[in-house]
Amino acid sequence: MQGIVFLGDKKLEIQDFDDPSPGPDDVIIEIKASGMCGSDLKFYRANNGPSSLGLGGDDRPVIAGHEPCGTIVEIGSNVPKKTFQLDTRVMQHHYEGCGTCSHCSTGWQQLCIDGVKAVFGVTGHGAHAKYMKCPASTLVHLRDEISFVAGAAISCGTGTAWGALERLDLKASQTIAIFGMGPVGLSAVMLANKMGSRVIAIDINKQRLERSVEFGADILINPNESNDLLEEIKDLTKGTGVDASLEASSSPKARSLAVKSVKTWGKVCFVGEGGDVTLDVSIDLLRRQVTLIGSWTFSKHGQAQCADFVVDKKLNVDNLFTHTWSLNQAEEAYKIFDKQSDGKAVIIP
């Protein structure tokens, strides 16, 4: 089979690999949709090649893609037949830990006490290929009501938004400001809207900001067109600030504004990876009793809960996607995706 391999310096190759065979505890998934995620870009862009950032841990080629969704085509001898059968529709929680520690046993394998064995699409072969091998323990059933493309989104970007909103304990009566209208931010808008909250969408990209209306944003703010974003938010909230904010852009300025925009006793969640932020701890946090939360993706159980919410609320997750590509279009796909100006993209092997 063929698979996409990141070489770094904004280069990739479609390389040949043997079709995978399952070990006793593994399954083989025929990939129906493999989402492209913003976090892939750090490996795609890496100046000294992906291995300098941990991709594969060495110089061996690793198939990219950590938003897998498809059907089971082979099953290892130890996999319970009552749990997974041939043709079962599945998503994958793209981490493998020891499986037994306090984190792994509650679905948080990325927090494994013994260290993560594999991050699929990063240190282990991922989903930008026809087939993918993974432990059956990393699978989440994909309900019939959800498309494979939507399942790929829930496997990372939309699931990450869900995890952040869960940590914020968002209530229907509350107002939330969401910074960054990329796929994670738009997912957060869509989910928060269906949770009953009033949503303020914030982005400097006019096209992305305008798209947020489709997903349920009540108010749009472009910081580049606002005289004073914080004053504007206060005017919209009777002078108090928002109940909660979610920062998904990784911008240091946006992170600072996300903290300053919440009211006293407000909650802030940082989701965007990398970078830094400068705060006056006393004024911005302590003396306003602000809770600052970091949220890294989601648990395996959270992934299933997000999927259930999508079905129950009839959310159109497919609408997040603006581009669909085949494997042989990978070079063009990532050149466009690297601009981060459009919506989400997916590869259909």
Side-chain angles (χ1 to χ4, degrees), residues 1 18-35 63 65-121 123-156 158-160 162-163 166 297-315 317-318 348-349:
M1 69 176 185
D18 292 334
D19 288 354
S21 299
D25 301 312
D26 299 326
V27 302
I28 305 299
I29 305 170
E30 182 176 356
I31 299 299
K32 302 296 186 182
S34 180
I63 299 171
H66 66 269
E67 296 187 345
C69 196
T71 58
I72 295 175
V73 293
E74 289 188 65
I75 301 176
S77 57
N78 292 342
V79 178
K81 300 302 185 288
K82 291 184 178 180
T83 306
F84 295 109
Q85 300 176 355
L86 294 179
D87 297 324
T88 300
R89 305 170 84 247
V90 292
M91 302 178 286
Q92 199 236 3
H93 189 250
H94 56 275
Y95 307 97
E96 180 188 9
C98 71
T100 58
C101 73
S102 58
H103 296 308
C104 287
S105 61
T106 55
W108 290 95
Q109 295 201 77
Q110 67 268 46
L111 302 178
C112 180
I113 292 173
D114 293 334
V116 179
K117 291 182 181 179
V119 180
F120 295 94
T123 63
H125 288 317
H128 283 359
K130 184 175 181 180
Y131 299 110
M132 176 181 170
K133 180 177 81 170
C134 63
S137 61
T138 65
L139 297 182
V140 177
H141 284 276
L142 180 68
R143 293 178 58 170
D144 291 338
E145 300 94 330
I146 301 177
S147 72
F148 289 113
V149 169
I154 294 168
S155 295
C156 189
T158 302
T160 294
W162 172 267
E166 285 286 284
T297 60
F298 45 89
S299 71
K300 179 180 170 182
H301 307 303
Q303 186 172 349
Q305 290 165 356
C306 179
D308 286 340
F309 186 85
V310 165
V311 173
D312 294 343
K313 299 297 183 180
K314 297 179 172 60
L315 295 181
V317 177
D318 297 64
I348 309 293

Check your understanding: Do the non-hydrogen side-chain atoms of I146 and V317 ever get within less than 4.5 Å of each other?
Key -> no

Residues 100-112 side chain polar contacts: donor-acceptor under 3.5 Å, at least two apart:
| residue | atom | partner | partner atom | Å |
| --- | --- | --- | --- | --- |
| S105 | OG | C101 | O | 2.9 |
| S105 | OG | S102 | O | 3.4 |
| T106 | OG1 | S102 | O | 3.1 |
| T106 | OG1 | H103 | O | 3.0 |
| Q109 | OE1 | G97 | N | 3.0 |
| Q110 | NE2 | T297 | OG1 | 2.8 |
| Q110 | NE2 | F298 | O | 2.9 |

Review point. Which pairs, with at least one residue in residues 66-86 and sequence neighbours excluded, count as a ring pair (Phe, Tyr, Trp, His ring centres under 6.0 Å)?
Key: H66-H94, F84-H141

Practice item. Could you tell me the separation between the NE2 atom of H93 and the NE2 atom of H301, rounded to the nearest 0.5 Å? Key: 9.0 Å

Exercise for review: Only counting residues at least two apart or in another chain, list the ones meeting ring pair (Phe, Tyr, Trp, His ring centres under 6.0 Å) with F148.
Suggested key: none

Check your understanding: S155 and Q303: which non-hydrogen atoms are nearest, and at how many Å?
Key -> OG-NE2, 3.4 Å

Exercise for review: State the NZ-CZ distance between K133 and F120, to the nearest 0.5 angstrom.
Suggested key: 9.0 Å

Check your understanding: Can you check whether L139 reaches T83 side chain to side chain, under 4.5 Å on heavy atoms?
Key -> no

Practice item. Find the distance between CG (D312) and CD (E145) and round it off to the nearest 0.5 Å. Key: 8.5 Å

Enumerate, atom names and distances included, each donor-acceptor pair closer than 3.5 Å involving a side-chain atom of residues 19-34, sequence neighbours excluded.
| residue | atom | partner | partner atom | Å |
| --- | --- | --- | --- | --- |
| D19 | OD1 | M1 | N | 3.2 |
| D25 | OD1 | N78 | ND2 | 3.3 |
| D26 | OD2 | G23 | N | 2.9 |
| S34 | OG | A127 | O | 3.3 |
| S34 | OG | H128 | ND1 | 2.7 |

**Study point:** Residues which pass side chain to side chain donor-acceptor pair (under 3.5 Å) with T138, listed by chain and number, not counting sequence neighbours
**Key:** Q92

**Study point:** Residue pairs passing the side-chain hydrogen bond (donor to acceptor under 3.5 Å, both in side chains) test where at least one lies in residues 111-121, sequence neighbours excluded
**Key:** none

Check your understanding: What distance do W162 atom CH2 and S299 atom OG have between them, rounded to the nearest 0.5 Å?
Key -> 10.5 Å

Point to revise | Heavy-atom closest contact (L142 atom, G151 atom, distance) | key: CD1-CA, 3.9 Å

**Study point:** Residue pair A152 / C69: nearest heavy atoms and the distance that separates them
**Key:** N-CB, 3.8 Å

Review point. For D87 and T71, does a side-chain donor sit closer than 3.5 Å to a side-chain acceptor?
Key: no

Check your understanding: Can you find a pair of side-chain heavy atoms, one from M91 and one from I154, that are under 4.5 Å apart?
Key -> yes

Revision key, fill the gap. Value for OG1 (T88) from CD1 (I72), rounded to nearest 0.5 Å, stands at 4.5 Å

Review point. More than 12 heavy atoms of other residues, nucleotides or ligands under 6.0 Å from NZ of K81: is that the case?
Key: yes

Review point. Would you say R89's side chain and R143's backbone share a donor-acceptor pair under 3.5 angstrom?
Key: yes

